[in-house]
J.: 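My questions all concern the structure below.
Positions are given from 1, in the same order as the sequence printed here.
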Amino acid sequence: MKPQANHDWIARQSHSSFERILPRLRDRFPTVPEPEWEVFSARMRQYFHPLFELLHELYSGHYDFFYHLECIMVSATRMWVERPTELKALDAQREVDPGWYRSNQMIGYILYANHFAGDLNGLREKIPFLKELGVTYLHIMPPFRCPDGESDGGYAISSYRETDPALGTMEDLAQLAEDLRNHGISLCLDFVYNHTSDEHEWAKKALAGDPEFQDYYRMFDDRILPDQYERTVNEVFPDEHSGSFTYRSRIRKWVWTTFKNYQWDLNYENPVVFSKMAEEMLFLANKGVGILRLDAVAFVWKRLGTNCENLPEAHKIIRAFNLLIRISAPALLFKSEAIVHPDEVAKYIDPGECQLSYNPTLMALLWNACATRKVELLTHTMRKRFAIHPDCAWVNYIRCHDDIGWNFSDGDMAEIGMTAFEHRKFLTQFYTGRHVASFACGLPFQENLQTGDARVSGATASLAGLEKALEANDADQVARAVRRILLLYGVIFTIGGIPLIYAGDSVGTMNDYSFKDDPDTAGDSRWVHRPVFDWELAKKRSEPGTYQYEIHQGILKIAQLRRSNAAFDRTETEIIHTANVHVFGYFRHHLDQTALILANFSEHPQELSGRHLRQLGLRRTLTDLLTGQVITASQTLQMEGCRFMVLVGGPR
Ligand code: GLC
């Protein structure tokens, strides 16, 4: 069929499918009052066609396509009917303020409920601490039922509908979500939809030999196809198992396991998997989750002869999920976890796909700038890549629970004369403390001795030099490490998007090497930066003279500044050349507000010439909002080592 004829045909099919399904849905849910049904069916009418198109592209090869389509719509309707009224109120509230997540009031925090507060109820008691930092977005690591012992930090989920009993119940989770909401904090949870644990009910049935459930996963009777796939697929956790498959002798099959051998990849070529997972997603939405972090988005679809990452179908699945959310739980947002090449990261960011995205490129580039004390790659890359769709937002972070991968683009590096392989090697050496001149304490993660590829684990404070400085009892170095931490946090709070504070970072939490003593964690160096939150040490955040105080107060100050200055609202950022290789700079504009941010990544004093400042359009005097210092734009600007400045005042 010609494209136009095909397009018309699809439009007709979509129309008639909708007209057939809608009355059948109404019959199924007769008790829904008519006005409510009208609101819902209007949304369904708005989004059905694009949804039909996507599902048709993905699943029309199945003879019973219409059956699956109807199942998906029935479950979306049921989940909407079951959606608590206060969440429906939130849906309506978000509709009037659709850009709420792009506000300068947004500040995020990530934690493990058990390490931070014992359990979910304990976490409710810690809300005042989060409020102190101005948190409006809280990402809790997966709190779901998972295997005892190793569970990849909860990312091997055995039930999306049950919590880990050690943390509390689903009701506790819903209560926590409600309490957080009443404090203006949106709960973010992971939607780990690429895989389940091998203890999930579906996996158990598959292991018992049920072919229907074996089809939920990607299973192979012999090595023929696995061998072919492995020719082009990258290993994600090579320390754990080589290749991408795990043999299960009970069923004599090879199971696709991208991550750990107990994490079984779901088979999205099966429409039942899509349908079931959509229902799990809407179930979480109905528990009060405001933001779903889509875990491991890159790996969801596989095709022979490719690296099975970021395939077009992986995008279609998210788009289809997103449309179901728009219909049944429209307050909810998606955040993509695509820790891949920056070209690919960008492709997930769209109002119709993920409205939020981690910014792994910025994160890696900030660490690069700290190690090299130079900002060329940071400036070059961000000038090319920082701008995204105006209705989307970056989630900017320094550290999260995962490792740091040097995921910047070889092409970007070549454009400014850098050699990618050698440079990445240097960074790994630097951050694992193997480099003689390094200030950092970190550990290698998934070091591949064949390819020389490696990632890095470590807490912000340790990577930024605090651990070494304290060990050496060197007050100057301690002060420098504190400034470096504040420099990093300064950038993510002001560059545009939602800044994310990793648990413990505001009080200078360092590496915890005790993970090596526990067999469940010893094999995974990421546990070095996932310590139990030390509330005794955190008390020092109010004792002047301590590093905890300096860091915490520094972050409070920058948070306050972000909230009270309209220049930080929305994402209008202009990355500039500062004419000093050590100083990163950008303008933020919003309405009639402008701020110029400067960050000196060298520990030595740096200068910016008055001539260059005038060239940037700065005139007269400017005030640094952090120190109150007034500078004259016609004179050379002196910046101390690791200085971070937020300058306002001069008309451009
Ligand atoms: C994501 C998580 C990571 C986990 C992996 C597998 O990348 O952030 O912690 O190991 O997915 O679920």
Side-chain angles (χ1 to χ4, degrees), residues 1-26 40-77 193-194 215-216 218 225 229 232 266-279 281-282 294 297-328 330 334 336 338 343-344 346-355 389 391-392:
M1 233 188 282
K2 293 221 172 81
Q4 186 55 42
N6 187 42
H7 182 263
D8 294 348
W9 184 84
I10 295 277
R12 277 201 308 280
Q13 299 312 312
S14 157
H15 179 78
S16 55
S17 298
F18 181 75
E19 295 305 330
R20 275 182 211 142
I21 289 175
L22 193 66
R24 288 156 66 93
L25 290 177
R26 189 63 178 117
F40 177 72
S41 55
R43 283 208 301 260
M44 184 123 130
R45 191 176 293 279
Q46 184 181 353
Y47 297 113
F48 184 83
H49 177 63
L51 179 62
F52 178 91
E53 253 184 324
L54 287 166
L55 294 176
H56 191 264
E57 285 171 30
L58 289 165
Y59 299 120
S60 61
H62 293 258
Y63 83 93
D64 50 356
F65 171 69
F66 186 85
Y67 164 77
H68 293 294
L69 178 70
E70 187 164 359
C71 288
I72 291 167
M73 297 326 288
V74 168
S75 96
T77 310
Y193 68 113
N194 176 69
D215 267 358
Y216 276 41
R218 291 182 179 264
L225 278 169
Y229 278 114
T232 48
L266 286 161
N267 172 18
Y268 278 89
E269 280 177 56
N270 179 354
V272 177
V273 168
F274 177 90
S275 175
K276 295 272 182 204
M277 287 305 287
E279 192 161 311
M281 169 182 80
L282 291 169
L294 299 193
V297 290
F299 302 94
V300 167
W301 199 269
K302 337 277 185 192
R303 181 172 310 116
L304 208 57
T306 70
N307 64 0
C308 298
E309 290 181 34
N310 308 303
L311 292 173
E313 290 83 352
H315 291 274
K316 288 180 188 172
I317 302 256
I318 302 176
R319 287 181 173 268
F321 279 156
N322 184 56
L323 287 162
L324 288 169
I325 289 289
R326 303 278 72 80
I327 293 171
S328 297
F334 282 169
S336 80
D343 288 347
E344 299 299 334
K347 291 181 189 158
Y348 293 92
I349 309 172
D350 187 80
E353 199 161 333
C354 295
Q355 301 79 16
H389 190 291
D391 294 333
C392 295

J.: I would like to know whether I327 and M73 meet side-chain contact (heavy atoms from CB on, under 4.5 Å); could you show each step before the answer?
T.: CA-CA 10 Å; I327 293 171; M73 297 326 288; 4.2 Å; yes
J.: With a 4.5 Å cut-off on side-chain heavy atoms, are I325 and P330 touching?
T.: no
J.: Would Y59 and H68 count as a ring-ring contact (aromatic ring centres under 6.0 Å, His included) if you check the C-alpha gap in whole Å, the side-chain angles of each, and the deciding distance to 0.1 Å?
T.: CA-CA 9 Å; Y59 299 120; H68 293 294; 7.7 Å; no
J.: Measure the spacing between CG of L323 and CD of E53 and express it to the nearest 0.5 Å.
T.: 10.0 Å
J.: Any chance you could measure I318, atom CD1, to L54, atom CG, to the nearest 0.5 Å?
T.: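 Reported to 0.5 Å precision, the distance equals 11.5 Å.
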J.: Does the H389 side chain pair with the main chain of D391, one donor and one acceptor, at a distance under 3.5 Å?
T.: yes
J.: Once rounded to the nearest 0.5 Å, what's the spacing between atom CZ of F52 and atom OG of S60?
T.: 8.5 Å
J.: Calculate, to the nearest 0.5 Å, the distance between atoms SG and CZ belonging to C308 and F299 respectively.
T.: 10.0 Å
J.: Distance check, rounded to the nearest 0.5 Å: R218 atom CZ versus L225 atom CG?
T.: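 If I round to the nearest 0.5 Å, the distance is 11.0 Å.
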J.: What are the two closest heavy atoms between A320 and L51, and how far apart are they?
T.: O-CD1, 3.6 Å
J.: Shortest non-hydrogen contact from G352 to N322?
T.: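 Taking G352 first and N322 second, the nearest heavy atoms are O-ND2, 3.0 Å.
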J.: Is any side-chain heavy atom of F66 closer than 4.5 Å to a side-chain heavy atom of R20?
T.: yes
J.: Test F48 against L69 for side-chain contact (heavy atoms from CB on, under 4.5 Å), laying out the working first.
T.: CA-CA 11 Å; F48 184 83; L69 178 70; 4.1 Å; yes
J.: Under 6.0 Å between ring centres: does that hold for H49 and F18?
T.: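 No, too far apart.
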J.: Determine whether I72 and S275 make a side-chain contact, defined as any pair of heavy atoms from C-beta on separated by less than 4.5 Å.
T.: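 Of all side-chain heavy-atom pairs linking S275 with I72, at least one is under 4.5 Å.
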J.: Grab the two heavy atoms, one from Y193 and one from I317, that are nearest each other, plus how far apart they are.
T.: CE1-CG2, 4.3 Å
J.: For D350 and Q355, which I'm curious about, is there any donor-acceptor pair between the side chains at under 3.5 Å?
T.: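 There is no such pair between these side chains.
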J.: Would you check if R43 and R326 make a side-chain contact, meaning some heavy-atom pair closer than 4.5 Å?
T.: no
J.: Treating N270 as the side-chain partner and D215 as the backbone partner, does any N or O pair qualify as donor plus acceptor under 3.5 Å?
T.: yes
J.: Can you say whether the rings of F274 and F321 are parallel (under 30°), tilted (30 to 60°) or perpendicular (over 60°)?
T.: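 Answer is parallel, since the angle falls under 30°.
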J.: Test side-chain contact (heavy atoms from CB on, under 4.5 Å) on L282 and S328 and set out the steps.
T.: CA-CA 8 Å; L282 291 169; S328 297; 3.9 Å; yes
J.: Taking the basic N atoms (NZ, or NE/NH1/NH2) and the acidic carboxylate oxygens, is any pair closer than 4.0 Å for R303 and E313?
T.: yes
J.: Among side-chain atoms of E353 and H315, is any donor-acceptor pair under 3.5 angstrom?
T.: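 Per modelled atom types, E353 and H315 side chains form a pair under 3.5 Å.
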J.: Can you check whether C354's main-chain N or O pairs, donor with acceptor, with S336's side chain at less than 3.5 Å?
T.: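 Checking the backbone N and O of C354 against the side chain of S336, no donor-acceptor pair under 3.5 Å is found.
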J.: Looking at side-chain heavy atoms only, is the closest gap between S41 and L22 below 4.5 Å?
T.: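 With C-beta onward as the side chain, the pair touches.
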J.: Show the numbers, then the answer: is there a side-chain contact (heavy atoms from CB on, under 4.5 Å) between R24 and E70?
T.: CA-CA 9 Å; R24 288 156 66 93; E70 187 164 359; 2.8 Å; yes
J.: My understanding is that only residues two or more places apart in sequence, or in another chain, count here; which of them pass side-chain contact (heavy atoms from CB on, under 4.5 Å) with H15?
T.: E19
J.: Taking S14 for its side chain and I10 for its backbone only, find out whether a donor-acceptor pair lies under 3.5 Å.
T.: no
J.: So, N310 versus Y348: side-chain donor-acceptor pair below 3.5 Å or not?
T.: yes
J.: Ignoring hydrogens, what is the shortest heavy-atom contact between V273 and L266? Give both atom names and the distance.
T.: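 Scanning both residues, the minimum pair turns out to be CG1-CB, 4.0 Å.
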J.: How long is the span from the NZ atom in K316 to the CZ atom in R319, to the nearest 0.5 Å?
T.: 10.5 Å
